[in-house]
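Throughout, a chain's letter reflects where its sequence line sits, starting with A, and its residues are numbered from 1. Values below: every heavy atom of this structure, side chains too, minus hydrogens, waters and symmetry copies.
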Amino acid sequence: MLPVERLQPCWCVGAGCIVHIAVLLPRRYDRDTILSFTPPGIFAAIPTKMTETLSEQEIHRRDSLQKIRAMGIEPFPAAEFPITATSKSIAASFKDDAPQQDVSLAGRVMSIRIMGKAAFAVLRDGEGDQQIYISRDDIAPGEDKAMYNDFFKKLLDLGDFIGVKGFVFRTRTGEITVHVKELTLLAKSLRPLPTPKTDEEGNVFDAFSDPELRYRMRYVDLVVNPDVKETFLKRARIFDAMRKSFQDAGYIEVDTPVLQVIPGGAAARPFETHHNALDMQFYLRIANELYLKRLIVGGFDGVFEFSRNFRNEGMDRTHNPEFTVMELYVAYKDYLWMMDYIEGVFTAVATAANGTPTATFQGKEIHFKAPFKRITMCGSIQEKTGQNVLDMDERALGELCKKHGIEVTAAMGKGKLIDELFSELVQPELIQPTFVMDFPVEMSPLCKKHREDDRLTERFELFVGGFEVANAYSELNDPIDQRERFEAQLKLMERGDDEAMFIDRDFLRALEYGMPPTSGIGIGMDRLVMLLTDNPAIQEVLLFPQMRPEKFD
RNA sequence: GAUCCUGUAGCUCAGCUGGUAGAGCAAUACACUUUUAAUGUAUGGGCCCUGGGUUCGAAUCCCAGCGGGAUCACCA
């Protein structure tokens, strides 16, 4: 940036609007030169007054852009660039004793090392990096050496997209390299990329590491940090593997409403929105459970949905306002069947992500190989406290909580108190995949009562790495029982629990038509991706995590 | 919502008890036809987050605000 005294206002008329551009000008550029860098069409799309300050490097790149045009080279050509090879395919197919292999590939220039009349550069394509070798007399074969001396050496910048044609060889230092015979500019980059470097020992220098900048400008993060790209490739593989498991089992993928009149299926605070034509309030879904069960009523035997859910709650490294849960419902099954089934799915998904069912998370090895350990909720608390919480009343439970340093409020019912004990005493130790079974009835209003003890429900949660990854039920299909459970939730709401569930009358009506016994499960996909990619923050596994709006003033 | 930490060049960071800015990489110029954190020489680049205060003097100390990070609470 340049000192304020050199700030010069310029006016530029775009299509139907006037735009004020304040450009920081170094002395060697006059006003007309600056305007020549910035085609009016760019600003025509911007309806309001804006102020733009350009750094020295950005001004230089705009200058280079003009010079490239002056040479008769189009910096943003329209034509397809035919590609016959990628960084990956070249590495896989190169043989030292084979004849020269002609290739055509394209990518972004990540580094350039010029040594007089020859140069090396690194091209980054969708699959990785490829070193290329450029010699003056190859790309500028005649008398006119401008293509090398001016275009390549001076006007090409790090970050530009180019396409090259040439042949593959191995350099003296042993690196497989493309000897370039023809070089085409495919797109100019007007901003300098961060330039992290890695030495021989793998130490990274000048890493682009500020989380705020990385999340806000994920496009830059993905370009310069290959690990980040790998995380999202794994995320895609995880989703693909899970979807394939369900498809192979014959289950049907469905879409259900995001805009709901009654936000049901979970205990959470919803986002509110407004429908203008109907002039009424809608909520963004907090879960899709009640809709998928309606589909089981309707005769599907197995349905699933990767559901983007929205919850108007805190944001931190394990919570984003929108997140993805996969929910699966299968008719004629129970939660015991679901445990057997889903642990196999987890093994397959973990293997698809990492090539092995063992993942490393924050220094701990986690084994996703089925079968997983199974414990009961009350049994695990009894192991820690010596007390059977099931036989205790609310008052005694409150005392037990206080004894273990848990704050107790009037809004907490029996189920909540037991949940607090579990979260505090047992959950942190559940590193290896563990099914926790048989939750108290008070905390599971959509779940069938246990076949042997009606104080419990047929519910399990899967814990991995110390946090909950999945939650499953033998689904409650008795409409009378369901109505009573909803009414109990209403009482909790009156006590001040602002996350208690609303009564969904249409859902009750659906159950009254009859729902077969069904087992359902919800899997927190973002958390699963965190575990399988060794990322401790949800922001690292969401391409565009929610952030406060950026100020461009 | 509470507490602590933090904001300096395109990137990563120094900058001491106050004396108006430094390094490496990136950029610019020159040299160099198999380098790889290429190398050598030279050069340019800073509203030190914003606003107020203390002071002869503030990147530095104080207050407020705005970003950001971590921990906690709620939650998945």
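Each of A:Gly116 and A:Ser209 has a nearest nucleotide on RNA chain B; the 5'-most of these lies closest to A:Ser209.
Spacing between B:rG44 and B:rC5 at atom P, rounded to whole Å, works out to 39 Å. When the P atom is compared between B:rG10 and B:rA27, the two are found 14 Å apart, to the nearest whole Å.
Relative orientation of the A:Phe271 and A:Phe310 rings is perpendicular, given thresholds of 30° and 60° on the angle between their planes.
Residue-nucleotide stacking is present for A:Phe323 and B:rA76, judged by a side-chain ring centre under 5.5 Å from the six-membered base ring centre and planes under 30° apart.
Near RNA chain B, meaning a heavy atom under 4.0 Å from it, residues 129-145 of chain A has A:Gln131, A:Tyr133, A:Ser135, A:Asp137 in order of number.
Atom C1' of nucleotide B:rU33 and atom CD1 of A:Ile114 are separated by 12 Å, given to the nearest angstrom. Per the geometry, CG belonging to A:Leu54 stands 17 Å off P belonging to B:rG45, to the nearest Å. Going from atom CE of A:Met110 over to atom C1' of B:rU35 covers 18 Å, rounded to whole Å.
There is no side-chain donor-acceptor pair under 3.5 Å between A:Ser87 and A:Asp129. A:Arg62 and A:Gln57 share no donor-acceptor pair across their side chains, judged by distance under 3.5 Å alone. If you check the side chains of A:Asp438 and A:Tyr335, you find a donor sitting under 3.5 Å from an acceptor.
When both distances must be under 3.5 Å, the Watson-Crick or G-U wobble mate of B:rC61 is B:rG53. Nucleotide B:rG22 has B:rC13 as its partner under the Watson-Crick or G-U criteria, with both atom distances under 3.5 Å.
Taking only side-chain nitrogens and oxygens, A:Arg113 comes nearer than 4.0 Å to OP1 or OP2 of B:rA38. At least one side-chain nitrogen or oxygen of A:Arg172 sits closer than 4.0 Å to the OP1 or OP2 atom of B:rU35. OP1 or OP2 of B:rG68 has at least one side-chain nitrogen or oxygen of A:Arg216 nearer than 4.0 Å.
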Check: protein-nucleotides 21-25 of chain B nitrogen or oxygen pairs below 3.5 Å:
from: B:rG24; atom 1: N2; to: A:Asp206; atom 2: OD1; distance (Å): 2.2
from: B:rG24; atom 1: N2; to: A:Asp206; atom 2: OD2; distance (Å): 3.0

Using atom names, set out every protein N or O paired with an N or O of nucleotides 71-73 of chain B below 3.5 Å, distance rounded to 0.1 Å.
from: B:rU71; atom 1: OP1; to: A:Arg317; atom 2: NH1; distance (Å): 3.4

